[in-house]
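Working notes for the structure below.
Numbering starts at 1 and runs along the sequence shown.
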Amino acid sequence: MKNNEIENIENLKARLEFLEEVNRFTMDSLSIAASLGKLEHSINDIHDPSKIFEITRSRIEKLIPFDLTAFMLADENEFDFYVYDCNPFDKKDIINNEIELCIEDGTFARAFNEKKAIINFSSSLNKYILLHIIATESSERGLFVGVLKNDPKAIPEALFLLLSIIMINTANALENYELYKRLKDINENLESIVEERTNNLNKAREEAELSSKAKSEFLANMSHEIRTPMNAIIGFSELALKTELNPKQKDYLKKIQTSSKSLLGILNDILDFSKIEAGRLELEYSGFKVEDIMNYLYDLFTQKSYEKGIGFNIFVDSNVPPVIDGDSLRLRQILINLCSNAIKFTQKGGVKVSVLMAERKAEKVKLCFWIKDTGIGMTQEQTQKLFSAFTQADTSTTRRFGGTGLGLVISKRLIEMMNGEISVETEMGEGSLFVFTAWFGLYSYLNNKLSKKNEESPVDITAIDKIEGSRILLVEDNIINQQVAEEMLLNFKVLVDIANNGKEAVEKFKPSFYHLILMDMQMPIMDGYTAAEEIRKIDKSIPIIALTAHAIKGEQEKCLSHGMNDYLTKPIDTQTLLLSLIKWINRDSANIAAPNNETLPKKTKNYKITDSLLAELTGLNVKSALTRVGIELDFYMELLQVFCKSYSNCANEIRIAIEHNDYELAERIAHTMKGVAGNIGADELMKASGDLVIALRDQKNEELKPLIDTFDQYLHIVLASASKLEMNTEIEKVKDKEVNVCEVAPILRNFYKNMEIDLSEAIKCIELLSKLLTDSVVDLDFKNAANFFNELDISKTSEAIKKIASTLNINLDKD
């Protein structure tokens with residue numbers, strides 16, 4: 001082949017390679033150009049310059065190869081540019097140095113003026129530097145700086161055009177970021193202004209509420225102050241009427257008495273209204289008969305209606321439970337007010353009161369009360385303001401009927417406190433129909449039925465069969481309450497695990513292992529509310545029954561809101577507990593393998609007591625405690641021993657806590673005593689404890705001293721009776737379990753050594769000692785030590801351990 005032919009072939013190959021390169025470049029350029037739309041979309045919604053530059057750099061490096069790239073932002077305060085982003089970042093100083101050189105030779109100014117890629121040779125780097133302004137039509141946002149890898153002559157002009165398009169998109173994204181930032185600042189400032197105004201409004205509302213409360217409390221206090229002399233006037237006028245008087249004197253006194261009673265009724269209305277407004281009115285909760293309420297109404301209004309020549313009839317539906325739980329006094333007050341109004345405004349015909357069943361659930365019932373009259377009726381305008389304070393249907397100065405206008409307002413508030421509603425249907429000249437509903441409990445009714453069912457046998461054998469073998473986790477910090485509850489449960493043939501506080505309960509709890517949890521509310525370390533919430537995170541289905549000495553309105557709702565299913569008050573009644581267990585235990589809900597050694601043996605009955613001795617005791621109702629709790633006398637005597645050793649100094653402990661402003665501790669001590677006193681039949685002490693708990697919770701310092709003194713007085717009465725009972729009771733001693741001192745000694749020393757420094761090791765020691773010391777001569781002292789330790793009272797724990805060591809002749813200091 002000739003040389004010229006070879007040369008032509010080489011030229012053709014070179015031409016072909018050039019065309020292929022141009023084609024690749026064209027395709028890459030088209031691809032990059034197509035991606036610019038995506039670029040604009042991807043960075044315009046980003047509110048972070050770092051992220052914007054990261055995306056921009058990735059697109060630039062697909063166009064042009066660089067050794068070093070950097071993005072500079074404008075500093076508006078300094079009228080200067082600074083390096084915001086550099087890759088690699090440690091080359092930042094190089095960029096700053098090159099920019100200084102570009103400023104000196106005018107390249108920097110050219111980049112700003114021409115708004116396109118400006119290239120300058122850097123003698124210090126022996127490389128070409130590319131500068132491109134990042135600007136929108138309104139302002140310069142920054143500057144792109146790049147150190148080129150190759151000679152710029154080898155870079156097609158089209159790529160620089162694409163670079164400019166990328167820079168415009170980047171500038172727009174930065175401008176969006178600035179606008180977003182400003183808008184965010186404005187919003188935050190606006191939120192701050194709104195929050196400030198909201199706080200001011202809340203403050204103004206709170207001040208208004210405090211002012212209203214202060215007025216209500218003033219009215220309440222004044223009502224009390226006025227009512228005292230009014231009672232004296234009424235009382236002495238009644239006494240005077242019983243003496244010899246002439247007709248004129250008797251007439252005067254009767255009018256004084258009538259007017260005084262009318263004024264007293266007005267004062268009572270004002271007192272109730274002010275209590276409601278001040279949030280100081282609370283409903284009582286106890287069992288009562290519906291029949292008693294209706295008989296009272298009949299006796300009260302029959303004569304009055306007869307004198308007016310109208311009828312007064314009462315109807316009670318047969319479905320209404322005969323016994324319900326609630327505030328009978330307030331229900332009676334509502335009915336008296338409505339019936340009194342009905343009779344007052346009725347001149348012919350009559351008044352009918354009906355009680356109907358509206359709704360029934362497992363443990364409560366909703367009753368509906370109708371009070372219908374054939375009186376004067378009301379207009380629509382009068383009806384609309386009927387339940388407003390201090391207003392009446394007839395406000396004219398010549399109105400025929402008196403009153404404060406508070407009766408219906410108070411009734412409405414009381415009905416709402418009973419979770420009910422009141423409404424009225426009326427027509428002028430056609431009479432009125434008032435209808436209200438209220439919810440009541442069924443504990444007394446259900447327990448009454450259960451008690452009747454068990455009159456022949458204290459515990460229903462069939463009922464116990466339903467729960468026999470179930471496993472229950474008892475969470476209780478008080479040792480006496482533990483013993484009482486455990487004894488009751490063992491009588492029901494169930495297995496019992498005990499946790500001394502909420503934290504221990506959470507640690508012990510395992511799903512599908514327990515059928516039910518009995519949860520005390522007030523405990524150290526972790527209370528029952530928190531423990532229930534933590535257990536609910538593990539298992540939402542396990543029934544949890546709250547145990548508390550608080551029998552106040554709202555406590556049941558509070559327990560249910562924290563994840564509990566039911567609520568029992570202390571002291572626990574054995575039949576009530578059984579009823580609750582039967583209701584909630586589902587034998588298919590847990591897999592129980594019941595080891596034989598988990599059922600505790602019943603203690604031998606070794607105490608004897610005479611009726612004459614029981615009659616001499618004051619402050620202790622032994623028979624009531626034994627019947628209610630369902631325990632034997634020997635166990636009751638053990639409870640008294642623990643009580644005397646553990647609680648003889650409670651009054652002083654409360655006083656010391658108050659001196660240190662620790663009202664929470666003082667309340668917990670009194671609350672614990674309330675439950676304990678109920679369990680041992682110390683009824684007066686239980687009531688004194690309850691009164692003290694309320695005063696401590698409200699921190700009513702002026703009431704505390706006499707209440708603590710009363711509490712202390714009843715406590716000493718109970719302690720004296722317990723001592724008398726102990727000394728005069730015949731006892732057949734039961735031999736204590738022998739203690740292996742050699743085995744116990746090293747564990748006891750280890751516990752004594754670690755109880756302050758290693759909680760985990762100390763707990764292990766407690767568990768080991770429990771197996772070795774239970775039912776031994778130091779059983780009670782060990783239980784006290786464990787209880788004190790659970791309360792983190794190291795001082796008392798130490799004393800109890802030293803007592804055990806002394807009894808067993810163990811040297812705690814020995815290694």
Side-chain angles (χ1 to χ4, degrees), residues 276 281-297 313-339 342 351-372 386-387 408 410-426 432-453 543-546 551-569 576 579-580 582-584 586:
I276 291 171
L281 184 66
E282 292 186 356
L283 298 181
E284 299 293 331
Y285 196 82
S286 59
F288 64 92
K289 294 181 179 179
V290 177
E291 180 184 5
D292 292 344
I293 299 288
M294 295 300 111
N295 287 340
Y296 180 86
L297 287 179
N313 299 303
I314 293 176
F315 169 77
V316 180
D317 184 43
S318 59
N319 291 324
V320 174
V323 181
I324 55 179
D325 296 301
D327 195 325
S328 60
L329 181 65
R330 295 302 179 182
L331 175 61
R332 190 167 65 182
Q333 180 181 351
I334 297 166
L335 289 168
I336 288 173
N337 182 272
L338 294 173
C339 291
V351 175
K352 183 176 182 180
V353 181
S354 302
V355 188
L356 309 171
M357 168 81 79
E359 186 177 349
R360 179 166 178 172
K361 295 186 177 180
E363 298 167 0
K364 60 182 180 179
V365 63
K366 182 181 182 181
L367 299 184
C368 183
F369 298 83
W370 290 39
I371 298 88
K372 182 173 179 57
L386 197 60
F387 297 103
L408 287 176
I410 293 169
S411 296
K412 183 174 185 291
R413 300 286 181 88
L414 291 174
I415 289 166
E416 289 170 349
M417 290 174 71
M418 296 177 181
N419 299 313
E421 297 176 342
I422 185 170
S423 61
V424 59
E425 296 178 12
T426 183
S432 303
L433 169 63
F434 284 83
V435 179
F436 74 91
T437 58
W439 282 95
F440 301 92
L442 287 174
Y443 280 112
S444 297
Y445 172 64
L446 296 173
N447 290 339
N448 184 54
K449 288 183 69 177
L450 186 62
S451 297
K452 287 181 179 178
K453 184 179 179 182
I544 305 176
I545 299 177
I552 60 176
K553 176 178 169 56
E555 184 66 19
Q556 183 174 9
E557 290 78 6
K558 183 179 179 181
C559 292
L560 296 178
S561 70
H562 282 80
M564 281 161 267
N565 301 86
D566 209 341
Y567 165 94
L568 295 177
T569 57
T576 305
L579 183 71
S580 190
I582 293 169
K583 175 183 176 182
W584 290 108
N586 177 9

Spacing of [X] atom [atom1] and [Y] atom [atom2] [to the nearest 0.5 Å]:
X      : Y      : atom1 : atom2 : result
Arg330 : Met417 : CZ    : CE    : 8.0 Å
Leu331 : Leu367 : CG    : CG    : 8.5 Å
Leu338 : Gln333 : CG    : CD    : 10.5 Å
Asp317 : Ser354 : CG    : OG    : 9.5 Å
Leu329 : Phe288 : CG    : CZ    : 10.5 Å
Phe434 : Thr426 : CZ    : OG1   : 7.0 Å

Does the side chain of Trp584 pick up a donor-acceptor pair with the side chain of Asn565 at under 3.5 Å?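 Checked: Trp584/Asn565 side chains show no N/O donor-acceptor pair below 3.5 Å.
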
Please work out whether the ring planes of Phe436 and Phe369 are parallel, tilted or perpendicular, with thresholds of 30° and 60°.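 It falls in the parallel class, under 30°.
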
Please indicate whether Lys583 has more than 12 foreign heavy atoms, meaning atoms of other residues, nucleotides or ligands, lying under 6.0 Å from its NZ.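 Buried by this count: over 12 neighbours within 6.0 Å.
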
Hey, does [Y] have a side-chain heavy atom less than 4.5 Å from the side chain of [X]?
X      : Y      : result
Pro321 : Val290 : no
Ile314 : Asn295 : no
Met294 : Glu291 : no
Val424 : Leu408 : no
Ile336 : Leu297 : yes
Met418 : Ile334 : yes
Leu442 : Arg360 : yes
Asp566 : Pro543 : no

Do any N or O atoms from the side chain of Thr437 and from the backbone of Glu421 form a donor-acceptor pair under 3.5 angstrom?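 Yes.
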
Quick one: do Lys361 and Trp439 satisfy side-chain contact (heavy atoms from CB on, under 4.5 Å)? Show the steps, please. CA-CA 10 Å; Lys361 295 186 177 180; Trp439 282 95; 4.1 Å; yes

Do Asn337 and Ile410 pass the side-chain contact (heavy atoms from CB on, under 4.5 Å) test, and can you show the C-alpha distance, the side-chain angles, and the key distance before you say yes or no? CA-CA 9 Å; Asn337 182 272; Ile410 293 169; over 6 Å; no

On a heavy-atom basis, which atom in Cys339 and which in Val353 lie closest, and how many Å separate them?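 That would be SG-CG2, 3.5 Å.
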
Quick check: closest heavy atoms across Gly563 and Ile544, and the distance to 0.1 Å?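 Closest approach of Gly563 to Ile544, heavy atoms only: O-CD1, 4.3 Å.
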
